[in-house]
Amino acid sequence: MNRLVKTALLAGAAFGVMASAAQAQVQAAPVGEQASNVDDIIVSARRRDEALKDVPISVSALGAERLEETGASDITALQQQTPNATVQVARGSNSTLISFIRGIGQQDPLWGFEPGVGLYVDDVYVARPQGAVLDIFDIQRIEVLRGPQGSLYGRNTVGGAIKYVTSRLDPDSPELTLRGAYGSYNQIDLLAQGSMPVTDKLRIGGAVASYNRDGYGKNLNTGAEHYDKDVLAGRVSVEFQPYDNAFFRLAYDRVEDRSNPRHGHREVAGVGPGAGVPGSVYDTYAGLGDKNKVTTEGVSLTAQVDLNDVWSFKSITAYRTGDTNTLIDFDNTPAPTLDVPAVYGDHQFTQEFQALFSTDRIQGVAGIFYLDGTASGAFDTIAQNFGIVIGTAGYVETTSIALFTDVNLDLTERLHLGLGARYTMDDKTGHVFRANYLGAARSPLLGGAARNPILLRTDYTNSNSFDQFTPKASLSYDFSDRLTGYASYSKGFKSGGFDMRGDAILTPNTVNGYQPEKVDSYEIGLKGSAFDRRLNFASAIFYNKYEDQQVTTQVPAVGGIASFVDNVGSSKFYGAELEGSLILTDSLTANFAVGYLDSKFEQFLRYNLTTQKYEDISSLVVLQNAPKWTGYLGLTWRGDVAGGSLAVTPSVSYRDDYSQFEFPNPVLDQDAFALVDLSVVWTDPSQKWTVGVFGKNLTDEEYRVGGYNFAGAAYNDSLIGYYGPPRTVTASLQYKF
């Protein structure tokens with residue numbers, strides 16, 4: 001089934017596009033207003049508004065209309081429509097983000113680890129993945145920038161960046177949108193958003209959204225919902241424009257997630273009560289508990305002043321904080337064989353100044369970025385079979401300063417040179433404490449009975465500094481007004497740090513921390529439109545050389561669990577991407593995306609606990625979350641029905657085989673699968689009422705999005721899988737005043 005879907009999806013998106021495009025050339029007709037053209041789509045990927053066609057970067061841009069028509073509920077919908085991207089909910093969580101672009105990212109959401117894909121909300125850098133599965137509301141568009149973006153974006157964009165761009169407030173008249181939805185598993189979503197001008201220079205706006213749903217499964221031990229959703233989110237903004245050339249925006253947002261913890265699904269049977277394999281992949285026998293809370297909030301002030309026709313100045317000041325109280329039952333049984341309660345906390349202050357300039361021949365930005373942040377936390381590893389709990393706590397303090405610039409020079413009317421650079425300086429201080437306590441119950445670090453450690457495993461404080469110069473260069477050529485080709489080189493950098501799980505007994509070198517990772521990326525691309533702008537596309541071929549790659553692994557060991565965060569060596573990967581849209585008729589449009597990725601480790605150094613030496617095991621490992629093929633094909637029919645406008649969008653997305661970790665595991669790794677969706681949206685003649693029906697995963701495909709591997713009798717063979725949503729159907733009603 002999946003191979004047939006793959007053939008239809010990938011071959012259809014290539015051959016079908018060309019064949020239909022040829023037909024469009026013969027039957028050329030005026031393009032309707034609903035068309036999205038590469039030279040009409042405006043993005044801010046280079047910190048300034050530009051047509052997508054003119055940007056020598058691989059960028060996927062999904063606007064509010066497209067997201068609404070396809071029933072996208074949160075930013076994980078990007079995974080289906082963006083080539084070579086993984087955007088998922090983290091294992092054991094409901095609102096923690098896992099993102100990979102072209103095989104580079106971060107699966108470990110523990111405090112202190114840096115992301116490989118930068119997340120930005122209105123140009124504010126979000127350093128931690130907790131609470132970062134952003135629900136889609138009050139949005140203008142989402143941009144996915146593939147490849148290193150060091151010369152343009154704050155920190156750690158070694159793999160790329162995701163930009164969540166919210167809507168500007170209407171300066172002239174009040175607006176109010178009310179939306180309600182009801183769906184499978186008693187899903188109830190409510191949204192209210194609006195704005196109003198206070199004066200001709202001042203306007204205020206806000207949005208509040210509630211997302212609730214019963215669980216896809218049950219905790220068969222406690223009776224609690226499993227894979228449920230209970231999220232409350234809000235945003236308030238004030239925009240002030242005292243003069244035509246000056247704009248100020250003060251914004252506050254908050255997300256509170258009280259969904260039950262996701263303990264996962266036991267994939268193989270263990271020993272004892274509740275250690276069997278539940279019949280539903282969404283069920284569990286976990287006994288650790290059912291309480292979970294994640295809160296994130298932030299405030300930002302954006303100021304922009306246009307000094308003259310050439311120069312503009314922009315300041316982005318932001319403060320963000322987050323708290324997590326979570327539980328993960330790794331063994332998925334009533335017994336505390338491998339239970340992990342945890343608390344995380346973080347806060348960050350960022351300040352960015354930008355000077356933007358534009359003349360007839362030169363456009364660009366130069367600036368400075370500053371970050372001061374602390375990430376901290378504590379967790380217990382309750383191991384009943386050892387009669388102990390391993391308590392772990394620590395923090396990482398980070399100060400980062402970066403100077404950056406990105407300039408585009410028009411060498412001729414058609415030939416353009418892009419030059420960029422960033423110099424980053426990071427100072428980090430890390431503290432890690434890890435100790436064994438007698439008794440398989442919570443340690444004093446997590447509120448357990450006061451007692452002294454029986455064995456101190458780690459207790460150190462260390463500091464380190466990292467600096468890196470990351471250049472970027474591109475050359476683009478306008479073959480015509482509607483077709484642009486480019487070639488680029490960029491260098492990416494992700495900061496080093498300290499392993500918050502580090503065990504100084506098993507791995508003494510952990511006290512020294514780990515070093516930054518770097519990637520050299522080469523890319524050529526072609527984007528534009530053809531056939532009277534009926535065919536709009538963006539394509540790219542890339543090659544990446546990945547050095548000093550940071551990899552987190554955990555393995556059972558005598559007396560505990562050994563954690564490694566090592567600069568394992570190097571890997572290389574190359575691939576290709578094609579995405580776009582094709583207007584088949586005045587009423588029917590096809591949207592397509594195809595990604596190919598070939599990845600391989602050249603060196604993978606693994607610490608041998610027995611010999612206490614590093615060994616190259618590159619022949620045994622693979623890149624995680626790096627499927628060879630990804631694809632999307634959607635057809636949207638638009639027409640007049642019952643006096644209003646109707647949009648019907650059937651779609652299929654495909655994801656090839658992929659490994660959850662660097663070490664393949666046939667029990668946990670995911671085979672190729674396809675998701676079939678269908679959306680129907682009707683808007684009344686007044687454009688005020690909108691009714692939608694959205695079917696997701698209509699074939700009820702079961703697919704893993706994460707896992708844990710703690711095999712062996714000591715941990716009761718705890719191989720745990722986490723699954724994506726089953727088949728759901730949701731109906732929504734929206735009214736705009």
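Worth knowing before you read on, the calculation uses all heavy atoms, side chains too, and leaves out hydrogens, waters and symmetry mates.
The minimum heavy-atom distance between Thr392 and Arg501, with the atom names listed, is CG2-CA, 4.5 Å. Taking each heavy atom of Leu597 and Pro627 in turn, the nearest pair found is CB-O, 3.7 Å. Gly276 and Ala269 get closest at one heavy-atom pair: CA-CB, 4.4 Å. When all heavy atoms are compared, the tightest approach of Pro516 to Asp548 is O-CB, 3.4 Å. When every heavy atom of Thr510 is checked against every heavy atom of Gly502, the shortest pair comes out as OG1-CA, 3.4 Å. Of all heavy-atom pairs spanning Gly721 and Leu668, the tightest one is N-CD2, 4.3 Å.
Tyr723 and Tyr703 have their aromatic ring centers separated by at least 6.0 angstrom. A ring-centre distance under 6.0 Å is found for Tyr596 and Trp629. Aromatic pair Tyr632/Tyr654: ring centres not closer than 6.0 Å.
Interatomic distance, Phe386 CZ to Leu338 CG, rounded to the nearest 0.5 Å: 9.5 Å. One finds the CG atom of Asn332 at 8.0 Å from the NE2 atom of His265 (value rounded to the nearest 0.5 Å). Interatomic distance, Lys291 NZ to Leu288 CG, rounded to the nearest 0.5 Å: 13.5 Å. Here NE2 of His431 is found 11.0 Å from OG of Ser376. Values are rounded to the nearest 0.5 Å.
Here the side chain of His263 pairs no donor or acceptor atom with the backbone of Tyr285 at under 3.5 angstrom. Between the side chain of Gln550 and the backbone N or O of Ser495, at least one donor-acceptor pair lies under 3.5 Å. The main-chain N or O of Lys572 is never found under 3.5 Å from a side-chain atom of Asn544 such that the two would form a donor-acceptor pair. A donor-acceptor pair under 3.5 Å is absent between the side-chain atoms of Asp290 and the main chain of Asn260, judged by distance alone. Looking at Tyr282, its side chain does come within 3.5 Å of a backbone N or O of Gly724 through a donor-acceptor pair. Under the 3.5 Å distance criterion, the side-chain polar atoms of Asp214 are left unmatched by any main-chain donor or acceptor of Asn186. Side-chain atoms of Asn219 come within 3.5 Å of backbone atoms of Ala286 as a donor-acceptor pair (strictly under, hydrogens ignored). Between the Asp257 side chain and the Ser259 main chain, a donor and an acceptor come within less than 3.5 Å of each other. Side-chain atoms of Thr552 do not come within 3.5 Å of backbone N or O of Val565 as any donor-acceptor pair. Counting only distance, with no hydrogens or angles, the side chain of Asp228 and the backbone of Arg213 share no donor-acceptor pair below 3.5 Å.
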task = Let me see the working for Glu267 and Arg704 under salt bridge (charged side-chain N to carboxylate O under 4.0 Å, His left out), right down to the final yes or no.
result = CA-CA 11 Å; Glu267 304 291 84; Arg704 295 184 197 89; 2.6 Å; yes
ask   = What's the verdict on salt bridge (charged side-chain N to carboxylate O under 4.0 Å, His left out) for Arg727 and Glu701, showing C-alpha distance, side-chain angles and the deciding distance?
value = CA-CA 8 Å; Arg727 176 174 52 234; Glu701 187 81 20; over 6 Å; no
message = Please determine whether salt bridge (charged side-chain N to carboxylate O under 4.0 Å, His left out) holds for the pair Arg606 and Asp566, giving the CA-CA distance in whole Å, both sets of side-chain angles, and the decisive distance to 0.1 Å.
response = CA-CA 8 Å; Arg606 175 67 178 270; Asp566 291 325; 5.8 Å; no
inquiry  = Working note: Glu114 + Lys494, criterion salt bridge (charged side-chain N to carboxylate O under 4.0 Å, His left out); need CA distance, chi angles, decisive distance, verdict.
reply    = CA-CA 7 Å; Glu114 304 284 3; Lys494 187 170 86 169; over 6 Å; no
inquiry  = Test side-chain contact (heavy atoms from CB on, under 4.5 Å) on Tyr614 and Asn509; report intermediate values, then the result.
reply    = CA-CA 11 Å; Tyr614 284 93; Asn509 287 336; 4.3 Å; yes
inquiry  = Between Val396 and Phe113, does the side-chain contact (heavy atoms from CB on, under 4.5 Å) criterion hold? Intermediate values first, please.
reply    = CA-CA 9 Å; Val396 175; Phe113 293 128; over 6 Å; no
request  = Output, in order, the C-alpha distance, side-chain angles, deciding distance and verdict of side-chain contact (heavy atoms from CB on, under 4.5 Å) for Tyr211 and Leu232.
outcome  = CA-CA 6 Å; Tyr211 302 94; Leu232 181 65; over 6 Å; no
task = Give the C-alpha distance, both sets of side-chain angles, the deciding distance and a yes or no for side-chain contact (heavy atoms from CB on, under 4.5 Å) between His226 and Lys218.
result = CA-CA 5 Å; His226 199 221; Lys218 289 283 187 183; 5.5 Å; no
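Side chain to side chain, Thr295 and Asp323 fail the donor-acceptor criterion of an N or O pair below 3.5 Å. With hydrogens and angles left out, the side-chain atoms of Gln88 and Gln79 include a donor and acceptor closer than 3.5 Å. In this model, no donor atom of one side chain and acceptor atom of the other lie less than 3.5 Å apart for Asn716 and Ser718. For the residue pair Gln670 / Asp657, no side-chain donor-acceptor distance below 3.5 Å is found, with atom types taken as modelled. Side-chain polar atoms of Thr630 and Arg655 form no donor-acceptor pair below 3.5 angstrom. Side-chain polar atoms of Ser571 and Gln549 form a donor-acceptor pair below 3.5 angstrom. For the 3.5 Å distance criterion, the side chains of Asp503 and Thr458 fail to qualify, holding no donor opposite an acceptor. One side chain, Glu615 or Asn608, offers a donor N or O that lies under 3.5 Å from an acceptor on the other. Checking Thr284 against Arg262 by side-chain atom types alone, no donor-acceptor pair falls below 3.5 Å.
Between Thr730 and Gln187 the shortest side-chain heavy-atom distance falls below 4.5 Å.
Ring geometry for Phe663 against Phe604 counts as perpendicular: the plane angle is over 60°, on a 0 to 90° scale with 30° as the lower cut.
In this structure, Arg91 forms a cation-pi arrangement with Tyr708, its terminal cationic atom sitting closer than 6.0 Å to the ring centre and no more than 45° off the ring axis.
Electrostatic pairing of Glu602 and Lys600 does not count as a salt bridge here, judged by no charged N lying under 4.0 Å from a carboxylate O.
Applying the ring-ring contact (aromatic ring centres under 6.0 Å, His included) test between Tyr344 and each of Trp111, Phe379, Tyr395 identifies Trp111 as the sole match. When Val268, Asn709, Thr337 are each tested for a side chain to side chain contact (heavy atoms under 4.5 Å, CB included) with Asp717, only one passes: Val268.
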